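Just below is one structure, and these are the notes that go with it.
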Amino acid sequence: MLEEVKKIQGINHNDFDDMINIWISAAKLDLKSIGIVDTLVDTPDELIKTAIITYVLSQLDVSNATLYS
């Protein structure tokens with residue numbers, strides 16, 4: 001999922017990989033905390049993947065975060 005986020009954002013270096021991976025993990029934990037089944041989060045379908053990517057994009061672009069909600 002890291003590479004998908006980087007591609008969407010046009011990031012072609014590894015400087016933000018650690019932070020993006022932290023946000024991906026945080027998104028997964030958030031989904032699990034609201035009751036999404038672990039197996040769906042750990043092997044996401046397109047809907048769950050979109051939710052995780054949207055969460056990460058909102059973290060990357062804080063000034064426009066409301067666009068992602």
Side-chain angles (χ1 to χ4, degrees):
M1 208 166 308
L2 170 67
E3 293 306 318
E4 290 176 75
V5 170
K6 288 171 65 173
K7 184 176 181 180
I8 291 167
Q9 286 299 106
I11 300 171
N12 57 6
H13 52 77
N14 300 325
D15 296 348
F16 303 118
D17 286 7
D18 289 341
M19 188 53 69
I20 293 170
N21 279 322
I22 288 169
W23 288 327
I24 290 170
S25 295
K28 289 180 177 183
L29 287 172
D30 278 353
L31 289 170
K32 289 177 182 180
S33 75
I34 62 167
I36 305 297
V37 179
D38 288 1
T39 53
L40 279 177
V41 176
D42 296 334
T43 55
D45 59 16
E46 291 304 312
L47 184 60
I48 300 296
K49 190 183 289 187
T50 299
I52 295 167
I53 290 171
T54 301
Y55 178 95
V56 174
L57 293 177
S58 74
Q59 298 299 313
L60 283 168
D61 188 11
V62 174
S63 62
N64 292 311
T66 56
L67 296 174
Y68 300 104
S69 57

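Note that this is a predicted model, so its numbers are computed, not measured. Side chains included, hydrogens not; waters and symmetry mates left out as well; all remaining heavy atoms used.
- Within the model, atoms CD of Glu46 and CD1 of Ile53 stand 8.0 Å from one another, a figure rounded to the nearest 0.5 Å.
- Taking hydrophobic clusters as Ile, Leu, Val, Met, Phe, Trp and Tyr residues chained together by side-chain heavy-atom distances below 4.5 Å, Val41 shares a cluster with Ile34.
- Once rounded to the nearest 0.5 Å, the distance linking CD of Glu4 with CD1 of Ile52 reads 10.0 Å.
- Nearest heavy atoms, Pro44 versus Met1: CG-CE, 3.8 Å.
- To the nearest 0.5 angstrom, Leu2 atom CG is 5.5 Å from Ile20 atom CD1.
- Within 6.0 Å of CG on Asp18 lie no more than 12 heavy atoms contributed by other residues, nucleotides or ligands.
- Note that NZ of Lys49 and OG1 of Thr54 are 12.5 Å apart. Values are rounded to the nearest 0.5 Å.
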From CA spacing to verdict: side-chain contact (heavy atoms from CB on, under 4.5 Å), Ile48, Thr43:
CA-CA 9 Å; Ile48 300 296; Thr43 55; over 6 Å; no

I would like to know whether Leu60 and Trp23 meet side-chain contact (heavy atoms from CB on, under 4.5 Å); could you show each step before the answer?
CA-CA 9 Å; Leu60 283 168; Trp23 288 327; 3.4 Å; yes

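- Taken together through direct or relayed side-chain contacts under 4.5 Å among Ile, Leu, Val, Met, Phe, Trp and Tyr, Leu29 and Leu57 form parts of separate hydrophobic clusters.
- In this structure, the side-chain contact (heavy atoms from CB on, under 4.5 Å) partners of Asp15, at least two apart in sequence or on a different chain, are His13.
- Between the side chain of Ser58 and the main chain of Tyr55, a donor-acceptor pair closer than 3.5 Å is present.
- Every residue two or more places apart in sequence or in another chain that forms a side chain to side chain donor-acceptor pair (under 3.5 Å) with Asn14 is listed here: Lys6.
- Partners of Asp42 according to the side chain to side chain donor-acceptor pair (under 3.5 Å) rule, which considers only residues two or more places apart in sequence or in another chain, are Lys32.
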